[in-house]
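Okay, structure first, notes after.
Atoms considered below: every heavy atom in the structure, side chains included; atoms not considered: hydrogens, waters and symmetry mates. Quick note on labels: first sequence line is chain A, next is B, and so on, each numbered from 1. Since the model is a prediction, treat every value here as computed from it, not as a measurement.
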Amino acid sequence: MSTNLSEQETLRREALQNIRNLGINPYPAEAFAVTTTAQDILQNYKLHPDKYQQVQIAGRIMSRRIMGSASFAELQDSTGRVQVYIKRDDISPGEDKTLYNTVFKKLLDIGDFLGIKGFVFTTQTGEISVHMQEMTILSKSLKPLPVVKRDEDGHIYDSFTDPEMRYRQRYVDLTVNPEFKEIFINRSKVVKTMRSYFDSKGWIEVETPILQSVHGGAAARPFKTHHNALDVPLFLRIANELYLKKLIVAGFDGVYEFGKMFRNEGMDRTHNPEFTGLEIYVAYQDYIWMMGMVEECLEQVALAIHGKTKIQVGQQEIEFAGPYEKLSMYDSIQKFTGIDVSEMDEEALRETCKNLQIEVDASMGKGKLIDEIFSEKVEAQLIQPTYITDYPIEMTPLAKKHRTKEGLVERFELFVNGKEIANAYSELNDPIDQRERFEEQLLLASRGDEEAMVVDEDFLRSLEYGMPPTAGLGIGIDRLVMLMTNQSTIQEVLFFPQMRPEKKANISSTEDFLKIGVPAEWVPVIQKMGFNTVDELQKATPNKVFNDLGGMRKKLKLDIVIPPKETVMQWFL
RNA sequence: GAUUCCGUAGCUCAGCCGGUAGAGCAUAACACUUUUAAUGUUGGGGUCCUGGGUUCGAAUCCCAGCGGGAUCACCA
């Protein structure tokens with residue numbers, strides 16, 4: 001047994017062995033038939049007490065209150081917690097009280113999974129509880145869970161709050177802070193609601209490649225990888241737009257995909273290197289039609305989660321029922337800055353940025369400059385859902401030119417609570433125009449714009465065969481979930497947000513220590529003394545190590561013989 | 001990347017002007033037949049993030065590093 005375990009972990013391993021010694025399998029293979037849940041009991045027992053005279057429930061022990069020959073424990077399952085009442089003479093009816101006195105009181109711990117057979121009743125203090133008649137150990141827990149206590153008023157004590165630990169060990173987080181499970185349940189509802197809405201329209205869910213040889217469809221730095229068999233570089237997709245449009249060319253009327261996108265860029269509370277995007281394309285429609293579709297869809301999502309369309313997000317109340325306000329990009333800048341940028345050329349825009357104290361650089365084209373003004377002065381002000389429409393052509397190479405307004409494209413972005421959550425176009429289906437737009441992107445790239453889009457020849461070829469007029473939409477699912485669940489960081493809506501890898505302590509194996517002559521029973525002691533590697537040990541002073549061995553022996557109350565000094569000296573040769 | 005705060009027991013946290021570490025919960029032992037943040041009594045448990053420096057003496061002061069949080073920048 002390693003001395004690197006904490007005292008509590010060692011005790012639990014000993015308890016595990018003692019359970020085995022009693023002939024009980026702490027990890028049984030048999031299924032345990034669950035007939036009810038904590039939530040079901042708490043909600044329905046009073047209405048139909050007769051139905052709860054024989055129940056089987058399973059979950060984790062989350063607290064124990066032992067009082068002589070009777071005890072209470074809280075059992076937590078996926079739906080919540082219910083109290084269990086255990087009476088010694090009920091579970092150990094004969095002379096042998098081992099099951100209660102030893103197994104329940106000594107060998108079980110907080111975190112263990114238990115299957116319980118019993119009947120539901122109400123205690124003198126009025127708490128609905130399960131009176132245990134039989135108990136099955138389903139799984140022994142070897143690491144102590146942080147214990148979070150709650151009083152009658154719901155105040156939380158000693159809560160497990162360290163964000164690093166919560167994200168790295170989400171299984172612990174959701175076990176001891178089960179209220180966070182609600183976010184993920186709602187996340188699932190968001191996707192489910194959207195999916196069934198799309199399906200009801202007859203559009204089909206598809207899957208397109210994640211490994212792509214050309215990372216098209218958006219402007220971002222990709223993750224690069226390599227395919228050995230083909231010996232070619234591949235990229236994790238930054239978008240799936242071009243593939244979905246190829247499927248419209250192929251003859252589908254509506255296609256959509258929920259999928260992970262990967263962008264090799266910064267991480268913060270609204271960005272994770274992998275995130276979930278929804279993209280949907282519908283043939284013979286345009287961006288005006290798409291606005292109505294988005295309103296209908298989001299209204300259903302809000303209803304599914306909150307049962308109403310007006311929801312609280314931070315300090316704001318946001319109304320998701322349409323129609324949403326529509327504002328052209330130029331009008332929105334005029335509205336919030338009083339400046340009309342619609343007629344300005346690049347030089348005038350640059351001057352305007354300077355006056356507004358917005359930083360610019362030489363690589364920025366006209367579209368980019370307007371975007372800077374917009375994101376600096378307008379974006380944060382758009383609290384209620386607002387469509388910003390009709391973007392400058394320069395910043396949108398995949399959208400169709402505006403039907404009436406020169407220099408603009410048919411595009412909208414939906415802003416809610418000051419953040420963009422959707423982006424849509426009347427998709428560009430003119431192959432010649434599309435090629436020219438890509439060429440302009442190449443020009444921007446040569447000016448140093450790292451976000452300029454790359455050309456996808458296969459996509460251009462597909463357009464040359466002919467794509468029907470199409471409306472397309474992308475929604476950042478993580479950000480939508482943040483809105484719908486009132487969370488301010490993306491990490492809270494991802495089960496496993498990206499983290500810096502945990503640093504692994506460099507530890508020599510027991511064999512390595514044996515090789516230099518350390519007796520087996522002393523290896524754990526050496527490790528306890530802080531020498532994780534042979535190297536570290538050999539860097540220490542031999543005399544001091546020898547002296548410390550005696551000290552550790554005394555401290556750990558070990559009944560083993562100290563190696564002779566000559567032996568210890570051999571370790572350092 | 002910049003600024004700033006933080007890192008002490010399994011968990012949450014104290015620890016002042018530098019003198020080799022404390023509390024609550026958890027855990028161990030005993031008591032207790034309806035408690036509920038159960039209770040009472042008694043114990044055990046620490047690489048004070050790591051490495052340097054100042055000092056007779058560092059959890060504490062200084063420097064560097066690592067990890068994390070917040071804000072900002074970048075990134076639709």
Side-chain angles (χ1 to χ4, degrees), chain A residues 4-12 14-15 62-74 81 83-90 100 105-106 109-111 121-127 129 131 142-168 172 176-177 218-221 238-239 261 263-273 275 277 359 367-368 371-372 374-375 379 388 391 395-396 411 413 415 419-423 450-451 474 476 479 488-489 491 499-503 505 527-532 555 557:
Chain A
N4 289 330
L5 295 175
S6 71
E7 184 191 26
Q8 290 188 46
E9 287 174 296
T10 308
L11 284 164
R12 286 188 179 213
E14 282 167 8
M62 293 307 283
S63 75
R64 286 189 303 167
R65 295 182 282 278
I66 295 171
M67 310 146 66
S69 57
S71 296
F72 293 90
E74 279 180 293
R81 290 186 185 188
Q83 178 169 270
V84 178
Y85 174 63
I86 305 102
K87 204 168 161 184
R88 182 186 63 199
D89 298 338
D90 282 358
Y100 181 78
K105 277 169 66 172
K106 307 281 184 198
D109 290 291
I110 287 173
F121 74 112
T122 308
T123 65
Q124 282 178 8
T125 48
E127 174 137 356
S129 308
H131 189 123
L142 296 182
K143 282 180 99 62
L145 287 168
V147 175
V148 177
K149 295 227 167 197
R150 289 168 177 76
D151 67 16
E152 282 176 10
D153 305 325
H155 295 121
I156 295 176
Y157 300 84
D158 298 333
S159 61
F160 178 68
T161 53
D162 180 354
E164 180 179 6
M165 302 262 269
R166 286 187 50 233
Y167 302 153
R168 283 196 200 279
V172 174
V176 303
N177 301 320
R221 276 156 54 199
I238 57 173
M261 308 298 159
R263 296 188 183 178
N264 206 342
E265 288 164 348
M267 290 162 57
D268 60 27
R269 65 192 190 293
T270 53
H271 296 85
N272 195 63
F275 62 97
E359 279 188 41
K368 188 88 181 157
D371 189 41
E372 285 295 319
F374 176 79
S375 42
E379 208 172 311
I388 298 297
Y391 285 63
M395 51 201 282
T396 317
R411 171 185 186 182
E413 289 188 312
F415 288 84
K419 296 186 184 69
E420 179 218 330
I421 66 156
N423 182 20
E450 287 181 15
E451 297 164 26
R479 292 186 188 176
S488 56
T489 72
Q491 285 79 13
M499 305 281 284
R500 196 179 293 274
E502 281 181 85
K503 59 167 187 248
Q527 287 167 340
K528 185 79 181 174
M529 282 162 68
F531 301 115
N532 286 322
K555 189 177 173 194
K557 300 189 185 93

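In B:rC17 the O4'-C1'-N dihedral to the base is within 90° of 0, which defines a syn nucleotide.
Listed by chain and residue number, A:Tyr167 satisfy the side chain to side chain contact (heavy atoms under 4.5 Å, CB included) test with A:Pro163 (two or more places apart in sequence, or in another chain). Not counting sequence neighbours, the partners of A:Phe374 by the ring pair (Phe, Tyr, Trp, His ring centres under 6.0 Å) test are A:Phe415. By the side chain to side chain contact (heavy atoms under 4.5 Å, CB included) test, A:Asp90 pairs with A:Lys87, A:His131, sequence neighbours left out. Judged as a ring pair (Phe, Tyr, Trp, His ring centres under 6.0 Å), and not counting sequence neighbours, the contacts of A:Phe72 are A:Tyr85. Residues satisfying the salt bridge (charged side-chain N to carboxylate O under 4.0 Å, His left out) test with A:Glu379, not counting sequence neighbours, are none.
Annotation: B:rA37 and B:rU12 have their C1' atoms spaced 14 Å apart (nearest Å). Rounded to whole Å, the P atom of B:rU41 lies 42 Å from the corresponding atom of B:rC5. Comparing the C1' positions of B:rU34 and B:rG15 gives an interatomic distance of 41 Å, to the nearest angstrom. Distance noted for atom C1' between B:rU33 and B:rU47: 46 Å (whole Å). Taking atom P in both B:rU4 and B:rU42, one finds a spacing of 48 Å when rounded to whole Å. When the P atom is used for both B:rU50 and B:rG7, the distance is 13 Å, rounded to whole Å. Taking the P atom of each, B:rU20 and B:rA38 are spaced 36 Å apart, rounded to whole Å. Between the P atoms of B:rG19 and B:rC61, the separation comes to 11 Å (whole Å).
Pair check for B:rC11 finds B:rG24; Watson-Crick or G-U wobble, both atom distances under 3.5 Å. When both pairing distances are held under 3.5 Å, B:rC72 makes a Watson-Crick or G-U pair with B:rG1. Base pairing of B:rG67 is made with B:rC6, judged by Watson-Crick or G-U wobble geometry with both donor-acceptor distances under 3.5 Å. Across all strands shown, B:rC56 pairs with B:rG19; the Watson-Crick or G-U wobble distances both stay below 3.5 Å. Base-pair partner of B:rG45: not found among the strands shown (Watson-Crick or G-U wobble, both distances under 3.5 Å).
Using a 4.0 Å cut-off between a side-chain N of Lys or Arg and a carboxylate O of Asp or Glu, A:Arg411 and A:Glu413 qualify as a salt bridge.
Looking at which nucleotide of RNA chain B each of A:Glu74 and A:Asp162 is closest to, the 5′-most match is held by A:Asp162.
Taking atom CD of A:Glu9 as the reference point, atom C1' of B:rG44 lies 16 Å away to the nearest angstrom. If you measure from atom CZ of A:Arg221 to atom P of B:rG1, you get 12 Å, rounded to the nearest angstrom. Between A:Met267 atom CE and B:rA73 atom C1' the separation is 16 Å, expressed in whole Å. For A:Asn264 and B:rC74, the CG to P distance is 18 Å, given to the nearest whole Å. A:Glu164 has its CD atom 15 Å from the C1' atom of B:rC11, to the nearest Å.
Remark: side-chain polar atoms of A:Arg479 are paired, donor with acceptor, to backbone N or O of A:Thr270 under 3.5 angstrom. Under the 3.5 Å distance criterion, the side-chain polar atoms of A:Asn177 are matched with a main-chain donor or acceptor of A:Phe160.
Counting non-hydrogen atoms under 4.0 angstrom, A:Asp371 reaches nothing in the nucleic acid. Contact annotation for A:Ser63: no contact, since no heavy-atom pair falls under 4.0 Å across all strands. Residue A:Met165 is classed as a sugar-phosphate contact, given heavy-atom separations below 4.0 Å to backbone atoms only.
With B:rC74, B:rG67, B:rG69 as the candidates, the nucleotide lying closest to the side chain of A:Pro163 is B:rG69.
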Audit row: A:Thr10, A:Glu7, side chain to side chain donor-acceptor pair (under 3.5 Å) steps and yes/no: CA-CA 5 Å; A:Thr10 308; A:Glu7 184 191 26; over 6 Å; no
Contact pattern, 5' to 3', of nucleotides 25-35 of chain B - B, S or - by protein heavy atom under 4.0 Å: SBSSSS-BBBB
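Of the side-chain N and O atoms in A:Arg500, none sit less than 4.0 angstrom from OP1 or OP2 of B:rC66.
One N or O donor and one acceptor, one from the side chain of A:Asp268 and one from the base of B:rC74, sit under 3.5 Å apart.
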